[in-house]
Every structure is written in C-alpha cells, then in structure tokens.
Participant: 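My questions all concern the structure below.
Proteins get letters first, then strands, A, B, ... in listed order; numbering begins at 1 in each.
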Protein chains: 2
Amino acid sequence: MPAANIRARARAEMVTEIKTIARRHLAAEGANLSLRAVARDMGMVSSAIYRYFPSRDDLLTALIVDGYQALGDAAEGADAAVTDRADLRGRWLAVCHAVRRWALAHPAEYALLFGSPVPGYAAPQETTVQAARTPATLIGILLDGFTTGVLPDPGPGDLPDPVRADLAVLRDALSTGLPEALLARGATGWIHCFGAVSFEIFGQLNGVFEAREEYFDHQMRRLADQIGLP
Amino acid sequence: MPAANIRARARAEMVTEIKTIARRHLAAEGANLSLRAVARDMGMVSSAIYRYFPSRDDLLTALIVDGYQALGDAAEGADAAVTDRADLRGRWLAVCHAVRRWALAHPAEYALLFGSPVPGYAAPQETTVQAARTPATLIGILLDGFTTGVLPDPGPGDLPDPVRADLAVLRDALSTGLPEALLARGATGWIHCFGAVSFEIFGQLNGVFEAREEYFDHQMRRLADQIGLP
DNA sequence: CGATCGTCAAGAGCAGTGCTCTCGTTTGTG
DNA sequence: CACAAACGAGAGCACTGCTCTTGACGATCG
C-alpha cells in the first residue's frame, strides 16, 4: 500500500536534495547556476536532473518560491515575536531588520528574488502569492494601528487620482479596510526598506558606509516617523 | 606622421562599435551577453574581439563605466536645466525623474549597474568615480540649500555615532561643508530614489501599480518633504 | 627600395554549458 | 510472474568563453 508513497517520498527527497545542493552552489558562485555541477555533486549525470526539473528555469523558479517563502516566514516570525502587539514601531523595525538579516544570510537567493530579472523569465502565479507575504506583514502592522485608532487616516492629501485608483484596487485585493493614504505609506515603506537592503547587498555602499546595521536602523526609524508610527 | 594616429583612430572606432553592438545585444537579450554573438554581428570571428577587450568581463566593465557616465550626464543635465537655481525642490524632482527616465530607456544597462552583482566581479576604481556623480548631484542640491541658508542644519539628532563617523569621512571625501545630518538625508534620498526605480525596473510592482510615473513622483515629493526642501 | 616588426583577423581546438534522445536496468503493481 | 512506469547512464547537438597558431597587411628603419 505505501508502495507509491515510497516512490513519491523518494522523489520528494530527491527534489529537496537537488534544491539544497543548488542553493549551496548559488551561494558559492552566484547567479550562474550550473545544472551539470549540481548533478556532479549528487553523483549523478546531468540528464538525470531532468527527471525532476524539466529545465534549469524550473529549478530556479522552485528556488525563488522557496526564497519568498523563507523571507515571508522570517518577516512574519519577526512580527509575531513582538509580544507587545500595540508597539507598532517595534513591530515595524523588527520586520525590516528581519528582512535585512535574511538578505545578509542568503545574499544569492535575495539577488534571485529582487535582482536583475532573467530576460525571458516571467514569474509564475505561485511566486507572486508567496512574494506578497512580506509586504503584507508590513501592511498588517499599519492596519492594526488604524483599527485601534492609533494610526489615524491622514486623508488622501496630494495623492494623484491614478495612484488612488491603483491603491483602491490593491486594498480590495488585500480585502483590507486600510485607507488609501496609509496603504501608500506602507508601500513606500516597503520600497524604501527593499532599496536600503538591496543597496547594501548589491555592494552599492561599499567603501562609503561601514556602520551598516546602525545606518539601516536609522533609516527605518525615520521611515517609521514618516509613516506616523508612534 | 598621422600613421600611428590612424591606427589608434581605427582601433577606437572598433572599440566603440563593439560596445554599441554589445549594448544592443544587452538590451535585446538581457544580462547574458555573448561575445560570439557580438562578433557575428560585426562580421568577425570571436577571437578577433580579444584584440580589443582582454575578456568578456572587461567588455562588461567598459559598458558599466559608460552606463554610469550616461546616468551621471542625465542627472547633471536635468539639474542644470532648471533655470531657477533657488528652486531646490524642482531640481531634486528633476534629477530623480531623470534617473528614472534613463533607467526606463536603458533597463538592461541599469540592471548592469544596480542589479545583482556578478559573482567574482569587483568594480574597478574607474567605475566608482563615475558612479559617484549621480548621488553627488543630489548632494549638490542640498549643499546649495545649506549655503544659501534655505536648508538649515537640523543638527545631529538621533544619528548614531558610528553613522556620524561614516558621514564625516564621506563629507571630507566630497570636500563638502554639508552638515552630517543633511548628508544623511541626501544619502537616504538617493537610496529611496534608487529603490523606487529598481522596484519598477525589476518588475516588482507589475500588476500592483499601473500609474507608475505618478506614484514615483508622489514618492519623490514626499521624500523632498522629509529632506526639508522648501 | 627592401627587410622587419607589430598589428590584425581567421581558424582550430579545449573545456564547459543546457538540453534531447536512446538504451538498459530497476521497481512497484496488476 | 509479467508488465509498465520510472529511473539513471551515456552519447550527442549546439552553444559559450577563451587560447593558440597561422598567415596577411602595413608602417617604419637601415
């Protein structure tokens, strides 16, 4: 009875082992992942890999999905670890630092997720749902602030109408009651957080800033000010 | 007498033609630039390219330097085109939009400059000096504001000491009298601008924001608020 | 003017890549 | 037990970056 299950289990183990070795190669040598090298490390011949992944791009896609998932876990975990749920600023900073720490721990995977996209590559649906978890965590913090009344609706202000329309669609897609202006601040915060992490990971502030964690923290604090987190 | 010069000129023309075709390939197919394909397009054999560029990485480096130069030209030109030099906000927005426009017009080159770095690749000195021009343009706007008294020194505030030390080194390297706090705001502004552009170029807001120029403009205006530009 | 030397392009070749196909072997199932 | 599906190995194709050798062209010097 467990026969087919045994086969399926062996296959699943094979898939995870391929991904693990691929991740190791990715971390060691960067983006140009070699299927043949992975196969060599597994003591197999390259064509055997194709039993498990129809192409190199599919393997990369699997790694991307895993990466978004790991990043989402890190972000949600950091948020959940803040016991004082009313400490919105603490939760915001915890999530931002968690994103940075994950990126520093897995720079090659981070580059895969947020770096230059592959030419002909289009992200499948399954990646986007996982990709949305991290920004959703940040938005959730703002939503908590709004529902508890700590974070008032600043009003549309100078938000251009087309942007408001985009934000309205996004708000409905998230089935969130968050006002558009707060949603805009959340998106801007996520973009700035991503920008700061990418700047550091991609070596753009090499030789300029040495106190990177302190500078990142300072930026995220100012960002929390701008968003209006108490 | 012009004999050697003729040789040098022919060589220079060859170099620029190789770079032009390489840029075309880069734009068409993305980061994985093929030397052999470039050679084919030039009606040459691949080994002939090596007379002009000792390796593929050297060709990429040349393209990177050119890219930083073009981006710096765009930024400085946009700043210089604002006739009212006292309109700091207008200059800031002009530079930010110029960066975004250049990135949209040359996405592959932008990815080469600011995307995932090549594994073993270390940026030579000649790239960094060109790379500094664009942020230096933004810093220059803040410096104009400070020297004319429009932009007061907000004081160190909550800047962590290690960050202040980095900023002091950076200020001296730029031989600028800009206070550390303003320099920090400029750096943060540059990072946010880069983040917003990268987010868009790398397809991170596909399917989320459609009114991209308006949203970018809105973000940069809020950024100008935060910096304190009148 | 003729010999010489540096520059250039071409071609062959090496090691590596993604991917396809075929061929035995293994393995779980009717 | 026999069958079919799944599997790994191997050869092979077209491609890549890069090296080396060969032959031709042209400017320079004796």
Participant: Nearest 0.5 Å please: distance from the CZ atom of B:Arg164 over to the CG atom of B:Leu167.
Facilitator: 9.0 Å
Participant: Looking only at side-chain N and O atoms, does B:Arg40 come under 4.0 Å of OP1 or OP2 in D:dT16?
Facilitator: yes
Participant: For the residue pair B:Glu213 and B:Arg100, establish whether any side-chain heavy-atom pair is separated by less than 4.5 Å.
Facilitator: yes
Participant: Would you mind reading off the distance between B:Arg9 atom CZ and D:dA27 atom P, rounded to a whole angstrom?
Facilitator: 14 Å
Participant: State which of C:dG18, D:dC18, D:dA9 makes the closest approach to the side chain of A:Ala48.
Facilitator: D:dA9
Participant: Measure the distance from CZ on B:Arg36 to P on C:dA15 and round it to the nearest whole Å.
Facilitator: 15 Å
Participant: Can you build the contact string for nucleotides 21-27 of chain C? Use B for base contact, S for sugar-phosphate-only contact, and - for no protein heavy atom under 4.0 Å.
Facilitator: B-----S
Participant: Mapping B:Val45 and A:Pro54 onto DNA chain C by nearest heavy atom, which one lands closer to the 5' end?
Facilitator: B:Val45
Participant: Between D:dC18, C:dC19, C:dT17, which nucleotide has the shortest distance from any of its atoms to the side chain of B:Arg56?
Facilitator: D:dC18
Participant: Nearest to the side chain of B:Ala37 - D:dT16, D:dC18, D:dG10?
Facilitator: D:dT16
Participant: OP1 or OP2 of C:dG18 versus the side-chain N and O atoms of A:Ser46: is any pair under 4.0 Å?
Facilitator: no
Participant: Starting at atom CG of A:Leu35, determine the distance to atom P of D:dA9, rounded to an integer number of angstrom.
Facilitator: 15 Å
Participant: Does OP1 or OP2 of C:dG6 have a side-chain N or O of B:Arg11 closer than 4.0 Å?
Facilitator: no
Participant: Name the nucleic acid region contacted by B:Met14, choosing base, sugar-phosphate or nothing; use a 4.0 angstrom heavy-atom cut-off, strictly under.
Facilitator: sugar-phosphate
Participant: Rounded to the Å, how far apart are B:Met44 CE and D:dG17 C1'?
Facilitator: 15 Å
Participant: Taking the side chain as every heavy atom from C-beta outward, state whether B:Asp73 and B:Trp102 have any atom pair closer than 4.5 Å.
Facilitator: no
Participant: In whole Å, what is the span from the CG atom of A:Asn32 to the C1' atom of C:dA15?
Facilitator: 16 Å
Participant: Is there side-chain contact between A:Phe199 and A:Val208, with heavy atoms separated by less than 4.5 Å?
Facilitator: no
Participant: Quick one: label B:Leu33 by what it contacts on the DNA or RNA (base, sugar-phosphate, nothing), any heavy atom closer than 4.0 Å.
Facilitator: sugar-phosphate
Participant: Can a side chain N or O of A:Tyr50 be found less than 4.0 Å away from OP1 or OP2 on D:dC7?
Facilitator: no
Participant: Please tell me if the side chains of B:Pro107 and B:Phe202 come closer than 4.5 Å, counting only heavy atoms from C-beta onward.
Facilitator: no
Participant: Between A:Thr134 and A:Tyr68, is there a side-chain heavy-atom distance shorter than 4.5 Å?
Facilitator: no
Participant: State, with a plain yes or no, whether a side-chain heavy atom of B:Pro162 is found less than 4.5 Å away from one of A:Glu210.
Facilitator: no
Participant: Given atom CE of A:Met42 and atom P of D:dG8, what is their separation to the nearest angstrom?
Facilitator: 8 Å
Participant: Could you tell me whether the side chains of B:Thr61 and B:Asp58 share a donor-acceptor contact shorter than 3.5 Å?
Facilitator: no
Participant: Tell me: CD1 of B:Ile49 to P of C:dG11, nearest whole Å?
Facilitator: 15 Å
Participant: NA contact type, A:Phe53, heavy-atom cut-off 4.0 Å: base, sugar-phosphate, or nothing?
Facilitator: nothing
Participant: Looking only at side-chain atoms of A:Tyr52, point me to the closest of D:dG8, C:dG18, D:dG17.
Facilitator: D:dG8
Participant: Between B:Leu59 (CG) and D:dC18 (C1'), how many Å, whole number?
Facilitator: 14 Å
